[in-house]
Visitor: 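Shown below is the structure under consideration.
Please read these numbers as outputs of a predicted model, since none were measured by experiment.
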Amino acid sequence: MMTQILSVQHLKWLLLTLTVVLATHSPNLPIWVIVASAGFGVWRYLLDKKQWAMPKIGLLLPINILMCLGIVLTFKGSFGRDASLALLVVMASLKLLETKTLRDYMLVIILAYFLVGNLFLFNQTIATFALSVPPLLLLTATLINMSLKNQQSLKFLMTLSGKLLLQAVPVMLILFVLFPRIPGPLWGIPQDAYSGMTGLGDSLQFGNISQLTKNSSIAFRVQFKGNIPSKNQLYWRGPVLWHQDGNQWLMPSRNIGLRAESLSIPVTKERAAIDYTITLEPHNRLWLLMLDIPTQIPNTAQLTHDYSAMAASPVRTRIRYNATSFSSYILGAELNDREKTMSLQIHDNENPRTIALAQSWQNMQPVDKVNSALQRYRAQPFVYTLNPPILGKDPVDEFLFNTKRGFCEHYATSFVYLMRAAGVPARIVTGYQGGELNPNGNYLIVRQSDAHAWAEVWLETRGWVRVDPTAAVSPERIEQGIAEAISETDLLPMMARGDYPLLRKAFLNWDSVNNGWNQWVLGYDDKKQLEFLNKLSGKNLSLMDLVLGMTVATVTVIAITFLILNKTSRRKLSPAQQLYALYLNKLKHANLQPHCHEGALDFGQRAAQTLPNFAEDIMQIAQNYNVLQYSNAPNPILLQALAQQVKAFSVATR
């Protein structure tokens with residue numbers, strides 16, 4: 001019964017299980033929440049061990065208020081994913097301080113199951129799935145332990161728990177494959193769920209990309225349908241920056257009224273289309289990555305006037321899309337007045353030495369100006385480094401004439417500034433360059449450490465032409481990757497370096513497994529589901545067919561379950577069981593109820609010790625009930641005697 005009092009052994013199991021659940025969430029919780037929750041668990045254990053009285057509402061209420069206030073202050077009033085998790089953990093641990101009956105224990109266990117599910121709000125990787133298995137096993141074992149009368153070993157409980165979960169796997173797989181995938185999320189996720197996402201930003205200033213380069217996390221993966229282009233052609237186009245605002249470069253407004261630039265692709269065999277599929281990790285921004293230059297994009301996206309692909313809403317979940325690009329193109333054969341103004345904009349009264357250098361090239365053709373700038377980068381002692389010095393008031397002057405040490409954003413911004421000062425329209429393009437081939441799946445891995453910035457200049461008859469000034473200083477960066485381009489004193493994340501070949505091989509093997517998980521588990525959306533079921537059934541199914549089929553199946557299962565439960569509930573208690581239930585109901589007045597593992601005699605002995613004045617009656621009832629319950633033949637005389645004993649028994653009579 002839900003009101004029965006559970007034993008010390010059950011409490012130990014529950015505390016152990018909650019400790020494991022709390023440990024899995026330790027990276028997602030403030031330290032004080034972890035300490036407080038652990039403290040409440042220790043308090044509950046001492047209450048039982050020392051036989052202290054359970055805390056009253058007068059003590060629990062101020063503690064609840066204090067915990068809630070702490071969460072409000074910690075998260076500055078933002079009640080999103082992280083604050084909700086902290087509140088749930090605190091409330092579950094506080095609930096321990098009033099757990100006595102089976103009903104209380106069940107409530108805490110249900111909360112713990114929900115906490116395990118909360119792990120997937122932070123991550124959906126294979127590692128997270130593996131991390132969720134131990135607490136699920138323990139929670140199920142705890143439920144089993146509470147339902148058994150006799151104490152069982154850890155091995156027995158964990159084995160039985162594992163068998164039960166394995167038996168649920170076929171049902172889980174059937175539901176995974178068949179349950180209709182609704183396009184889009186069923187509910188919104190709090191905004192703070194995206195606060196930890198990293199990636200290329202929508203603006204650029206000195207230091208942005210060099211800091212991102214120290215991050216080895218994966219930005220996206222690429223599967224080509226044909227041959228993989230050479231590394232020096234792997235420019236993944238992201239935001240295009242036109243506006244200079246102090247030391248910062250920004251994207252233009254999407255409402256400036258300019259349409260996508262005209263794109264002319266010469267039709268020759270050497271310039272065939274490049275078809276590929278990108279699996280983009282969430283970055284909480286609008287842009288999508290495309291190989292320079294994209295012509296086919298997802299239906300839900302659109303091209304800006306400068307050929308950046310933009311999604312309809314921020315990319316907050318992993319997405320997969322097909323695209324087509326050309327490596328040879330004529331982009332923007334004509335430049336309108338507004339674009340010309342935007343691409344020549346520089347501020348007055350800054351970087352005088354750079355402007356003087358640019359003005360010395362006024363008699364040159366635009367192509368010669370570009371070559372002169374690149375030759376300056378090659379001829380002078382410029383250094384490609386992740387740790388450039390801080391620049392002051394005139395940053396372009398200081399970089400070009402003094403420090404000469406910088407990362408790709410230094411070279412791209414200084415080159416664009418120099419071109420604009422020389423009268424050549426120019427803009428900055430940010431994105432990623434290169435990628436690492438994973439031979440296990442023949443796909444490219446592009447990391448955050450591959451983030452890059454380059455320039456585009458507009459030339460008569462040629463349109464926008466990509467120019468990468470970084471390649472003039474460090475061609476190794478473009479041809480071989482960042483690990484070959486920087487000095488050993490520059491810190492790069494381990495996975496971005498060429499060292500540790502065995503570790504890299506192990507990582508690539510693991511990433512191929514992760515990639516399969518992303519494609520076939522996390523990427524199993526409504527389109528893939530319909531494609532799979534159409535092949536399986538040989539019919540052209542629709543989403544409504546799936547919804548209708550699942551509805552019929554659900555109603556059928558509920559109806560069968562109801563009939564089984566209704567039939568079970570109709571089973572009448574034996575006369576002896578009815579009398580014993582009446583007797584237990586009378587003992588409620590003395591706060592006495594049997595533990596789940598206690599038989600009639602064991603409970604009778606405990607009740608007799610608690611109520612010594614009723615000891616003889618209690619033991620007589622227990623013995624008679626046991627005989628009636630386990631005898632092979634009915635005994636009407638003994639049953640009548642038990643009925644008289646139960647009828648006469650009353651805790652309030654003595």
Visitor: Strictly distance-based, threshold 3.5 Å: is any side-chain N or O of S203 a donor or acceptor partner for the main-chain N or O of L250?
Guide: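 Side chain of S203 to backbone of L250: no pair is present.
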
Visitor: Taking atom types as modelled, find out whether D275 and N322 have a side-chain donor-acceptor pair closer than 3.5 angstrom.
Guide: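 The answer is no; no qualifying pair exists.
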
Visitor: Only counting residues at least two apart or in another chain, list the ones meeting salt bridge (Lys or Arg N to Asp or Glu O under 4.0 Å) with D511.
Guide: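 By the salt bridge (Lys or Arg N to Asp or Glu O under 4.0 Å) rule, D511 matches R221.
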
Visitor: Which atom names give the shortest non-hydrogen contact between A311 and V315, and what distance separates them?
Guide: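 That would be CB-CG2, 4.3 Å.
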
Visitor: Using atom types as modelled and distance alone, determine if a side-chain donor or acceptor of T324 lies under 3.5 Å from a backbone N or O of T295.
Guide: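 Here the side-chain-to-backbone pair does not exist.
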
Visitor: Roughly how far, to the nearest 0.5 Å, is CG of L289 from CG of L280?
Guide: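 Result: 6.0 Å between the selected atoms.
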
Visitor: What's the verdict on side-chain contact (heavy atoms from CB on, under 4.5 Å) for V467 and V370, showing C-alpha distance, side-chain angles and the deciding distance?
Guide: CA-CA 9 Å; V467 180; V370 171; 4.2 Å; yes

Visitor: Taking N509 as the fixed residue, which of N438, N514, N440 is the one that meets the side chain to side chain donor-acceptor pair (under 3.5 Å) rule?
Guide: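 For N509, the side chain to side chain donor-acceptor pair (under 3.5 Å) test succeeds with only one of N438, N514, N440, which is N440.
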
Visitor: Salt-bridged, D306 to R427, with N to O below 4.0 Å?
Guide: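 So D306 does not pair with R427 through a salt bridge.
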
Visitor: By side chain to side chain contact (heavy atoms under 4.5 Å, CB included), which residues pair with I228, not counting sequence neighbours?
Guide: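 Listed in chain order: F224, L437, N442, L444.
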
Visitor: Please check: side-chain N/O of W236 versus main-chain N/O of A451, any donor-acceptor pairing under 3.5 Å?
Guide: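 Absent.
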
Visitor: Answer whether the closest heavy-atom distance between the side chains of T24 and S132 falls below 4.5 Å.
Guide: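 No; the side chains remain at least 4.5 Å from each other.
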
Visitor: Within a strict 4.5 Å, meaning less than it, do heavy atoms of the R237 and V429 side chains meet?
Guide: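 The answer is yes; the side chains approach within 4.5 Å.
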
Visitor: Heavy-atom count check: over 12 atoms from other residues, nucleotides or ligands less than 6.0 Å from F129 CZ?
Guide: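 For F129, atom CZ is not crowded (no more than 12 foreign heavy atoms under 6.0 Å).
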
Visitor: Mind checking the CG-CZ spacing from N387 to R405? Nearest 0.5 Å is all I need.
Guide: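 So the gap between those two atoms works out to 8.0 Å.
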
Visitor: For T354, give me all partners under side-chain hydrogen bond (donor to acceptor under 3.5 Å, both in side chains), at least two apart in sequence or on another chain.
Guide: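 side-chain hydrogen bond (donor to acceptor under 3.5 Å, both in side chains) list for T354, sorted by chain: D397.
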
Visitor: Can you list, pair by pair, the side-chain donor-acceptor contacts under 3.5 Å of residues 355-366, counting residues two or more places apart and other chains?
Guide:
| unit_1 | atom_1 | unit_2 | atom_2 | d |
| --- | --- | --- | --- | --- |
| S360 | OG | L357 | O | 2.5 |

Visitor: With sequence neighbours left out, write down each residue that passes ring pair (Phe, Tyr, Trp, His ring centres under 6.0 Å) with F122, or none if nothing qualifies.
Guide: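 Applying ring pair (Phe, Tyr, Trp, His ring centres under 6.0 Å) to F122 gives none.
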
Visitor: Give the minimum heavy-atom separation between A301 and L288, together with the two atoms involved.
Guide: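 Residues A301 and L288, closest heavy atoms: CB-CD1, 3.7 Å.
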
Visitor: To the nearest 0.5 Å, tell me how far H452 NE2 sits from T470 OG1.
Guide: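 Rounded to the nearest 0.5 Å, the NE2-OG1 separation comes to 4.5 Å.
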
Visitor: Identify the heavy atoms of L374 and A472 that sit nearest to each other, and give their distance.
Guide: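 In this case the closest contact between L374 and A472 is O-CB, 4.0 Å.
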
Visitor: Roughly how far apart are I293 CD1 and Y329 OH, rounded to 0.5 Å?
Guide: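 The distance works out to 5.0 Å.
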
Visitor: Would you find a donor on one side and an acceptor on the other, under 3.5 Å apart, between the side chain of E456 and the backbone of W464?
Guide: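 Between the backbone of W464 and the side chain of E456 there is no qualifying donor-acceptor contact (under 3.5 Å).
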
Visitor: Could you pull out all residues at least two apart from T403 that satisfy side chain to side chain contact (heavy atoms under 4.5 Å, CB included)?
Guide: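 Scan of T403 (side chain to side chain contact (heavy atoms under 4.5 Å, CB included), adjacent residues dropped) gives P389, L391, F399.
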
Visitor: Between G392 and E398, what is the shortest heavy-atom contact and its length?
Guide: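 Scanning both residues completely, I find the closest heavy atoms to be N-OE2, 2.9 Å.
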
Visitor: Using the rule given for side-chain contact (heavy atoms from CB on, under 4.5 Å), can you reason through Q124 versus T317, listing the C-alpha separation, both sets of side-chain angles and the distance that settles it, and then say yes or no?
Guide: CA-CA 10 Å; Q124 297 88 40; T317 59; over 6 Å; no

Visitor: Ignoring hydrogens and geometry, is there a side-chain-to-backbone donor-acceptor pair from D450 to R447 under 3.5 Å?
Guide: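 Confirmed, D450 side chain pairs with R447 backbone.
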
Visitor: Do L508 and I445 have side chains that get closer than 4.5 Å, going by heavy atoms?
Guide: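 Yes, their side chains come closer than 4.5 Å.
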
Visitor: If you define the side chain from C-beta out and look only at heavy atoms, does anything of K231 sit under 4.5 Å from I478?
Guide: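 Side chain of K231 against side chain of I478, heavy atoms only: no contact under 4.5 Å found.
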
Visitor: At what distance, to the nearest 0.5 angstrom, does CD of Q296 lie from CG of L303?
Guide: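 The CG atom of L303 is 11.0 Å from CD of Q296, to the nearest 0.5 Å.
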
Visitor: In Å, rounded to the nearest 0.5 Å, how long is the span from OG1 of T430 to CE of M251?
Guide: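 So the OG1 of T430 and the CE of M251 are separated by 8.0 Å.
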
Visitor: Please determine, by modelled atom types, if Y377 and S414 share a side-chain donor-acceptor pair under 3.5 angstrom.
Guide: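 S414 and Y377 do have a side-chain donor-acceptor pair below 3.5 Å.
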
Visitor: Can you name the closest pair of heavy atoms from P395 and K393 and give their distance?
Guide: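 In this case the closest contact between P395 and K393 is CD-O, 3.0 Å.
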
Visitor: Tell me if a side-chain donor or acceptor on T128 pairs with a main-chain N or O of F120 at a distance below 3.5 Å.
Guide: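 It does not hold such a pair.
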
Visitor: Run S474 and F382 through side-chain contact (heavy atoms from CB on, under 4.5 Å) and show every step you take.
Guide: CA-CA 9 Å; S474 179; F382 283 93; over 6 Å; no

Visitor: Just by distance, do the side chain of Q223 and the backbone of G441 share a donor-acceptor pair under 3.5 Å?
Guide: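 Pair found, side chain donor or acceptor close to backbone of G441.
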
Visitor: Could you pull out the closest heavy-atom pair between D82 and F75, with the gap in Å?
Guide: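 Where D82 meets F75 most closely, the heavy atoms are CB-CE2, 3.5 Å.
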
Visitor: Is the side chain of W458 donor-acceptor paired with the backbone N or O of G332 at a distance under 3.5 Å, no angle test?
Guide: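 Yes.
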
Visitor: Can you check side-chain contact (heavy atoms from CB on, under 4.5 Å) on Y321 and T300, steps first, answer last?
Guide: CA-CA 10 Å; Y321 52 89; T300 56; over 6 Å; no

Visitor: Looking at residues at least two apart in the chain, or sitting in another chain, which of them share a ring pair (Phe, Tyr, Trp, His ring centres under 6.0 Å) with W32?
Guide: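 W32 satisfies ring pair (Phe, Tyr, Trp, His ring centres under 6.0 Å) with no residue once adjacent residues are dropped.
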
Visitor: Just distance, no hydrogens or angles: give the donor-acceptor pairs under 3.5 Å from side chains in residues 416-423, sequence neighbours left out.
Guide:
| unit_1 | atom_1 | unit_2 | atom_2 | d |
| --- | --- | --- | --- | --- |
| Y417 | OH | E350 | OE2 | 3.2 |
| Y417 | OH | N351 | ND2 | 3.4 |
| R420 | NE | S343 | O | 2.9 |
| R420 | NE | A426 | O | 3.0 |
| R420 | NH1 | W242 | O | 3.0 |
| R420 | NH1 | M342 | O | 3.4 |
| R420 | NH1 | Q345 | O | 2.9 |
| R420 | NH2 | W242 | O | 2.8 |
| R420 | NH2 | M342 | O | 3.4 |
| R420 | NH2 | A426 | O | 2.9 |

Visitor: Restricting to salt bridge (Lys or Arg N to Asp or Glu O under 4.0 Å), what partner residues turn up for R318, sequence neighbours left out?
Guide: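 Listed in chain order: E281.
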
Visitor: Applying salt bridge (Lys or Arg N to Asp or Glu O under 4.0 Å), which residue pairs with at least one partner in residues 364-381 are found, sequence neighbours left out?
Guide: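 Every candidate salt bridge (Lys or Arg N to Asp or Glu O under 4.0 Å) pair involving residues 364-381 fails, so no pair, neighbours aside, qualifies.
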
Visitor: Residues two or more places apart in sequence or in another chain: which of them pass side chain to side chain contact (heavy atoms under 4.5 Å, CB included) with A219?
Guide: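 Only Y432, Q448 meet the side chain to side chain contact (heavy atoms under 4.5 Å, CB included) criterion with A219.
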
Visitor: Look at atom CG of L73 and say whether more than 12 heavy atoms of other residues, nucleotides or ligands are closer to it than 6.0 Å.
Guide: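 More than 12 within 6.0 Å, yes.
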
Visitor: Relative to each other, are the rings of W454 and Y235 parallel, tilted or perpendicular (30° and 60° limits)?
Guide: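 Plane angle over 60°, so perpendicular.
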
Visitor: So does E339 get a backbone contact from the side chain of N336, meaning a donor-acceptor N/O pair under 3.5 Å?
Guide: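 Here the side-chain-to-backbone pair exists.
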
Visitor: Taking side chain to side chain contact (heavy atoms under 4.5 Å, CB included) as the definition, give me every residue that meets it alongside S325, ordered by chain and number, with sequence neighbours left out.
Guide: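 In terms of side chain to side chain contact (heavy atoms under 4.5 Å, CB included), with neighbours along the sequence ignored, S325 is linked to Y276, L291, P294.
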
